[in-house]
Structures are given as structure tokens and as C-alpha cells.
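Written below as C-alpha cells is the structure these notes are about.
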Amino acid sequence: MLVDFAWQVRLAASMASDPDQIEQMEVRRGLFAIITARFEKAHEAAVMGQAHDASAADISAQLASIQTILDETKILVAAISLLNASDT
């Protein structure tokens with residue numbers, strides 16, 4: 001996955017004066033972008049699982065893919081929660 005966060009970095013720099021806060025904002029935005037990409041993959045797998053000609057093996061593969069995405073997303077959410085807790 002190739003994502004360009006350059007414009008987000010510039011925006012973060014203009015919104016926060018503390019360099020540590022800027023870095024946390026960049027990381028948080030990046031994590032949310034990765035979550036978005038993972039949800040898009042889950043959507044793709046869900047659509048493929050709905051295919052009229054999907055076999056049981058195809059459906060099992062799509063379910064496994066969605067489960068993996070959910071597991072990965074839980075980790076990303078936990079990371080954002082930790083960053084957010086450190087801001088308070």
C-alpha cells in the first residue's frame with residue numbers, strides 16, 4: 001500500500017506547536033488511514049463473498065480475509081487509543 005501523507009504533515013505542523021504533538025498527530029492520522037484501507041479491503045472481500053457463483057471454498061477464503069482484517073484493525077484501534085490516552 002502506497003500512501004502519501006505529505007500534505008497531512010504540513011497541516012499538522014501548522015496546527016500544533018509542540019514537535020511531540022505534531023508527531024503524534026501524524027501517527028494517529030496514518031493509523032486512521034491504514035484502518036480505512038483495511039475496511040476497504042474487508043468491503044471487497046464481503047462483496048466477493050456475495051458473488052452468485054462463489055463456492056464454499058471462496059466464501060471460506062473471504063471470511064478468513066475479513067477475520068484477519070478485523071484482528072489487524074483491533075491492533076490499530078488499540079494503538080490509537082494509547083496515543084489518545086497520552087494526550088489527556
Side-chain angles (χ1 to χ4, degrees):
M1 176 176 73
L2 179 62
V3 180
D4 180 12
F5 295 108
W7 68 272
Q8 292 176 342
V9 171
R10 287 191 297 276
L11 178 62
S14 66
M15 292 175 57
S17 57
D18 180 7
D20 291 335
Q21 181 66 22
I22 292 169
E23 183 175 316
Q24 285 187 354
M25 290 169 63
E26 292 173 30
V27 170
R28 190 177 299 117
R29 283 191 178 105
L31 290 170
F32 273 112
I34 294 168
I35 289 171
T36 301
R38 300 310 295 151
F39 283 161
E40 289 170 354
K41 276 299 243 189
H43 175 261
E44 181 182 317
V47 168
M48 292 175 68
Q50 296 175 47
H52 180 59
D53 60 347
S55 68
D58 293 336
I59 292 170
S60 293
Q62 298 313 319
L63 287 173
S65 177
I66 292 169
Q67 184 61 58
T68 299
I69 291 166
L70 290 173
D71 293 343
E72 292 170 351
T73 303
K74 287 178 187 178
I75 294 167
L76 295 167
V77 168
I80 294 170
S81 295
L82 285 172
L83 282 171
N84 201 44
S86 70
D87 284 349
T88 58

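Take Glu72 and apply the side-chain hydrogen bond (donor to acceptor under 3.5 Å, both in side chains) test, not counting sequence neighbours, and it matches Arg38. Residues passing the side-chain hydrogen bond (donor to acceptor under 3.5 Å, both in side chains) test with Gln67, sequence neighbours excluded: Asp71.
Listed by chain and number, the hydrophobic cluster partners of Leu70 are Ile66, where partners are ILVMFWY side chains within reach of under 4.5 Å, directly or through others. Listed by chain and number, the hydrophobic cluster partners of Leu82 come to none, as no ILVMFWY side chain reaches under 4.5 Å of it. As a member of the Ile/Leu/Val/Met/Phe/Trp/Tyr network built from side-chain separations under 4.5 Å, Ile69 groups with nothing else and remains a singleton.
Ile80 and Arg28 get closest at one heavy-atom pair: CG2-CG, 4.1 Å.
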In a table with atom names and distances, give each donor-acceptor pair under 3.5 Å that connects a side chain of residues 49-56 to protein atoms at least two apart or in another chain.
unit_1, atom_1, unit_2, atom_2, d
Gln50, NE2, Ala46, O, 3.4
Ser55, OG, Ala57, N, 3.4
Ser55, OG, Asp58, N, 3.1
Ser55, OG, Asp58, OD2, 3.2

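Taken to the nearest 0.5 Å, the CD1 atom of Ile75 stands 12.0 Å off from the CD1 atom of Ile34. The structure places OG of Ser65 at 9.5 Å from CG of Leu63, a figure rounded to the nearest 0.5 Å. The distance from the CG atom of Leu76 to the CD1 atom of Ile35 is 5.0 Å, given to the nearest 0.5 Å.
Put simply, Met48 and Phe39 are part of two different groups of oily side chains (I, L, V, M, F, W, Y) that touch within less than 4.5 Å, one to the next.
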